[in-house]
2 protein chains.
Amino acid sequence: MAIVEDTKLIDREKLARDLMQIVGESGVLWKTYDLKLYEYDGSIDRHMPEVVVFPRNTHQVAEIVKYCNREKLYYTARGAGTGLSGGSIPLRGGVLITFTRMNRIVEVDVENLRAVVEPGVVNLHLSQAVAAQNLYYVPDPSSQKACTIGGNVGENSGGPHTLLYGVTTNHTLALEVVTPDGEIRRFGGAGAPDAPGYDLCGLFVGSEGTIGLVTQITVRLTPLPPGVKTFLAVYDDIVKCSDAVSEIIKAGVIPAALEMMDNLAIRAVEASVQAGYPVEAAAVLLVEVEGFSEALEQQSQAIEEICLSKGALSFKVAKDNAEREKLWKGRKGAFGAIGRMSPDYYVCDGVVPRSVLPQVLSRISEISKEFGLPIANVFHAGDGNLHPLIMFDANKKGDTEKAVAAGTEIMRTCAEFGGALSGEHGIGAEKRDMMCFVFNEEDLGVMRRVRDAYDTRGLSNPGKVFPTPGRCGETRIPKQGTAQKTYERDGMQAW
Amino acid sequence: MAIVEDTKLIDREKLARDLMQIVGESGVLWKTYDLKLYEYDGSIDRHMPEVVVFPRNTHQVAEIVKYCNREKLYYTARGAGTGLSGGSIPLRGGVLITFTRMNRIVEVDVENLRAVVEPGVVNLHLSQAVAAQNLYYVPDPSSQKACTIGGNVGENSGGPHTLLYGVTTNHTLALEVVTPDGEIRRFGGAGAPDAPGYDLCGLFVGSEGTIGLVTQITVRLTPLPPGVKTFLAVYDDIVKCSDAVSEIIKAGVIPAALEMMDNLAIRAVEASVQAGYPVEAAAVLLVEVEGFSEALEQQSQAIEEICLSKGALSFKVAKDNAEREKLWKGRKGAFGAIGRMSPDYYVCDGVVPRSVLPQVLSRISEISKEFGLPIANVFHAGDGNLHPLIMFDANKKGDTEKAVAAGTEIMRTCAEFGGALSGEHGIGAEKRDMMCFVFNEEDLGVMRRVRDAYDTRGLSNPGKVFPTPGRCGETRIPKQGTAQKTYERDGMQAW
C-alpha cells in the first residue's frame, strides 16, 4: 500500500511554505531545532517529521490531508505527545498534524449531558469547565493534566476509573472525522445507545489515526458522584493482595477504582511524592468507592472485611479530601517517580483475567530476573490491566534492547494467560509485531481490509497497529532517526 | 455484489438433503407448512426461506456457510424471531440458519464476572442461571423471556436498564464468528476494556448478520444490585412529564430505568394486565433506582421532589416486590397490550436528545392525525429512545402503507431533531431506506466497503442495513412473499 519511499527527497522549506498557505505562517514549524521537540512521545520510539503543522479548524485539516495526498506525503496526528505506544510518532517522517490549537470546548449541553470539543482540548480542562454544573468527563488517564481528548480517542484511553465507568469509547457519542480522502464525515450522534448501521464511531475510537483524523468529538458528561471514599490496604504478600482484588469484585462490590502497587513502585513513590504508603509493604491496594453517604459506608465495610480477611496488615480510610488527594498523588505520580529512580523506563500495558493475576505477577518477577532489569508494577488491578515498568539505562549498551525484549516476554505471558495486548495505551509502533500473539493472519487480514475501506493510499500514520510482515513476536528494535535524505539536506544547509 | 438471482430455481428437496449431511435429518425443515412459521419476525416484513437449518455447533455453521458459498445461496441468521426491524427475515429466500439448538451456557466464570454462551441462549435464561451466584446479565429487552443473546448481539439490543448500564455492545467481551468465507474467527477477549487493534468485536455487535454469524459470545456478568426501588409518577400533561425526565438527568440522579407511557398506552396496559396505572393520566413515568438502602432513600427523595415540582399529580413507591413486578408487568407487556386493542401495530424505534422530547412527541401526535392512525407511546425516556406504536389493520386496504408512511415521517422527525434511526431495534429491512436521513452517500460507501472487507459474495443476509439505491426516504412497501420459482414448484408438488 505504501507509495512513498522513506528516502524520498523532500524540499522541507517548500513543504512548509505550501502548508503556510493553508494555516498561515505561525502554524508551521520546519527547522530542525523545532522539529526535535516533536520526534517523540511517552514511548521509546523516536522519529522526526519533515514539518509540524498546527491547524485551527476542520477545514484546514481537510486541506492538509488533501495536500498530503497530492504530494504523496505521509501524515501523522498528534495531541499532547503523552502517548505510551508511539501512536503519534511520525515513523516515516512526513507531516505531523498537531491538534493543540484546536482546543475549544465548542458546546456544553447540560440538559443532554454532553459536550462537543475539539481534539486538542486537554482532558482535565473539560472536567474543570463543567465542574460548576456538577458534571465531569469520566475517562481519567494519569496524564490527564496534559493529554488531549483527541489523543484519548485515538488510543481509546482509560484511567483508574475505567473499572466502573468504561474507557473512552464508552464516553464518545459522535465524531467528526477527516477521512484519508480529505472529506469531512460525521459518525454516531444524538447519544443513541445503539449506533444505526455499523458502529463506525466505535471503530474510529482506538484506530490510532490509521483511518482518519478526528476533528470534533461529542462526549458524554457524567454527574459528579455525591460522595467518594478512598482507602489504602497494605499487604506483606503480593498474592494475598491479588486475591483481595478478585474477592472484592466477586463479592459484587465494584469500586470506582481498584489500583495496586508493588514494593518497588511504593518505594519510588515515597521517595518522590510522600503519599503515605508504607515503604516496607509488599503491595498496597488503593480503592475508591462513589455514591451516597450510607452506600459509601456499606461498601467501605464490605471492602474492609474482604481486605482484612485476605490478610491486609492495615486498612486506612482517607479522612478528608487532602488525604484522598495525597493517596491519588502517589498513584498518579508513580510513573514520574519511577523516572527519578531509573534513567529510563519502559511502561508495558497488558490485560489478564483478574483470577490469574498472582501467576502473571510471579512470571513478571521471573522475567525481571532473567533480563536483569528491575520491574515495578503499578496497575489497574480491578480491570486486570497491568502496567509493568521496566527500568533500564538507554546509555548502557544493549539495555534498551533488553528492556524491549523483557516487555515482549511480558506481553507474550499476558496472551498465554488468555489476556489482551492493551488495556488503554494502544498498539502503536510498540506492539504492532506482537499482534500475532492474539490475532492470526486471517484476523489481521480482515483488519487490513477494514483499514483499506478508508485509506487506499497508506499515507495516514504508517507503521502503526499492523505488524511488519514476517516479524511476528520478534523483539523490535525501537526506531530512532529521521528520513535519511532530508536529514542530510538539513545538515548541508545548517538548519 | 449479489450474484444470486431472486428467481433462481432451487430444488428445495435436494437442498434439504444436502444440509442434512451436515446437521442430520432432524436439523432441517423444508416443507411449506414448516417454513411458514419462519417467514416473519416481530416486524411487518415477511418472506419464506427455501429451507430452515438448525446447527448444533460452530463447525456445522461453518459447513453450512461454505455450502451456501459453493451453491451460491443466500443465507440469513435467526434467533427467536422476536426482532422488530426484520433483521432475521430471509428477504431473498435461501437458507435460514436458526440458532435455537445452540443454546448452551458453555461456561460461567464467577471470579472474572463473565460467561460464555452459545447464540441461542434465551436472554433471561442466562440471568436465571447465574442468579444463585448473585449475578445477572444486564441487557433486558422487553422480549427477554424469548429473545436470544445471539439475536441481541446481531441488533445491539437494549432494554429499560440501558440508561444506566448501556446496550448489548457494552456487555459483549468477545465473539466467536463464522465469517462469510466460512472460517471461524475470534474477536475481543479477556475482558480488556480496550480492544487492541480495531474494535472488530464492537463492529460485529449490531451488524445484523451482514458480515458473519456469531457462534459464541463471551458476556459480562454484573452483580445484582443490593437494593432496588421503583416509582410511578402520574401527570395530566405530557410536556410536564417530559420536563421531569430532563430535570432528573440534569440533577445528576441517573436512575437505572426511566420509562414513559402516554395515555393511549396506559389505557391499553390497564385493559390488558392491570398494572395499576391511572387510566385518566396523560402520561406516567416508571422510574427505578438501584443501590444500597440509604442511597435508594436519597435518590428517591431527589426524584420525588423533581417529579412533584414538575407537576406530578401523584408519586407512588412500589411497597414490595409484588408491587414492583406489577408496575414492570405493565411496561414489559405494553406492546402485547396494544396488540389487544388493534389488529396490527407497527413499533418504531428512534432516538432524540432528551431536551426535545416535548417537541418530538407533539409532532408524533400531529402525524397520528395526518395519517388517521392512533399512535401510542411507550418508551425509554431517559435515553430519549422513542417507541411510537402505530395502530392499523393490515386487512384494511391501504392501512399497512399508511402505517409505514407514518413511521417514515416519525423517523424523519427524529433525524431532523438531531436524533438517530435506532435505539435498540436495528435497521434491518425496515429502516434501510431511511439511512439517508442521517448518512450521506459517502458515509454509506464507507460502510459498504467495511462490509466488503468481510463479505465479498453478498450472500450473508441480503437486503438489510444498506439502502436500496435510489430509494432514499421513499415509503417502503413491506415485502411479503417467497422466491417466486420455488413457490410455484412448491405449489405444483403440493408440499
Side-chain angles (χ1 to χ4, degrees), chain A residues 110-113 134 156 158 162 166-167 169-170 183 185 189-200 202-203 206-207 223-224 246 249-250 252 254 291-295 298 351-355 383-384 418-424 427 435 438-439 442-443 446-447 449-450 453-454 465, chain B residues 110-113 134 156 158 162 166-167 169-170 183 185 189-200 202-203 206-207 223-224 246 249-250 252 254 291-295 298 351-355 383-384 418-424 427 435 438-439 442-443 446-447 449-450 453-454 465:
Chain A
V110 174
E111 201 159 2
N112 293 304
L113 294 183
N134 206 37
N156 195 12
T162 290
V167 287
T169 194
N170 304 116
E183 298 301 317
R185 304 257 170 278
D194 180 11
Y198 296 156
D199 183 10
L200 298 183
L203 184 67
S207 66
L224 283 163
S246 285
I249 303 290
K250 209 160 72 177
I254 313 273
F292 288 96
S293 57
E294 284 294 319
Q298 293 183 35
V351 179
V352 295
R354 274 179 296 270
S355 55
D383 283 317
L421 290 184
S422 169
E424 52 183 4
I427 298 301
M435 287 286 273
V438 287
F439 299 107
E442 285 73 22
D443 297 331
V446 170
M447 281 196 211
R449 292 199 296 278
V450 168
Y454 291 92
V465 182
Chain B
V110 173
E111 200 158 2
N112 293 304
L113 294 184
N134 207 38
N156 194 12
T162 290
V167 286
T169 195
N170 303 116
E183 297 301 317
R185 304 258 170 277
D194 181 11
Y198 296 155
D199 183 10
L200 298 184
L203 184 66
S207 65
L224 283 163
S246 285
I249 303 290
K250 208 160 73 177
I254 314 273
F292 288 96
S293 56
E294 283 295 319
Q298 292 183 37
V351 179
V352 296
R354 274 178 295 271
S355 55
D383 284 317
L421 290 185
S422 168
E424 52 182 5
I427 297 301
M435 287 287 273
V438 287
F439 299 108
E442 286 72 22
D443 297 331
V446 170
M447 282 196 209
R449 293 199 296 278
V450 168
Y454 291 92
V465 181

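Each chain gets a letter, A, B and so on, in the order the sequences are listed, and its residues count up from 1. As the structure is a computational prediction, the values presented were derived from the model and not from experiment. Just so it is clear, the values below take in all heavy atoms, side chains as well, and ignore hydrogens, waters and symmetry mates.
Interface residue B/Val110: backbone and side-chain heavy atoms are both found under 4.5 Å from chain A. Heavy atoms of A/Val450 lying under 4.5 Å from chain B belong to its backbone as well as its side chain. With a 4.5 Å cut-off on non-hydrogen atoms, A/Ile254 touches chain B through its side chain but not through its backbone. Proximity to chain B (any heavy atom under 4.5 Å) is shown, for A/Glu183, by neither the backbone nor the side chain.
For A/Arg354 (side chain) and B/Asn112 (main-chain N/O), a donor-acceptor pair under 3.5 Å exists by modelled atom type.
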>> Please determine whether side-chain contact (heavy atoms from CB on, under 4.5 Å) holds for the pair B/Asn156 and A/Asp199, giving the CA-CA distance in whole Å, both sets of side-chain angles, and the decisive distance to 0.1 Å.
In response: CA-CA 10 Å; B/Asn156 194 12; A/Asp199 183 10; over 6 Å; no
>> Apply side-chain contact (heavy atoms from CB on, under 4.5 Å) to residues B/Val446 and B/Phe439 and explain how you reach the verdict.
In response: CA-CA 11 Å; B/Val446 170; B/Phe439 299 108; over 6 Å; no
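Ranked by non-hydrogen atom pairs under 4.5 Å with chain A, the options B/Asn134, B/Leu113, B/Val465, B/Leu224 are led by B/Leu113. Among the candidates B/Gly252, B/Ser207, B/Ser355, B/Gly384, the residue making the largest number of heavy-atom pairs closer than 4.5 Å to chain A is B/Ser355.
B/Asp443 pairs by the side-chain hydrogen bond (donor to acceptor under 3.5 Å, both in side chains) definition with nothing, not counting sequence neighbours.
The shortest heavy-atom contact between A/Gly418 and A/Pro353 is O-CD, 4.0 Å.
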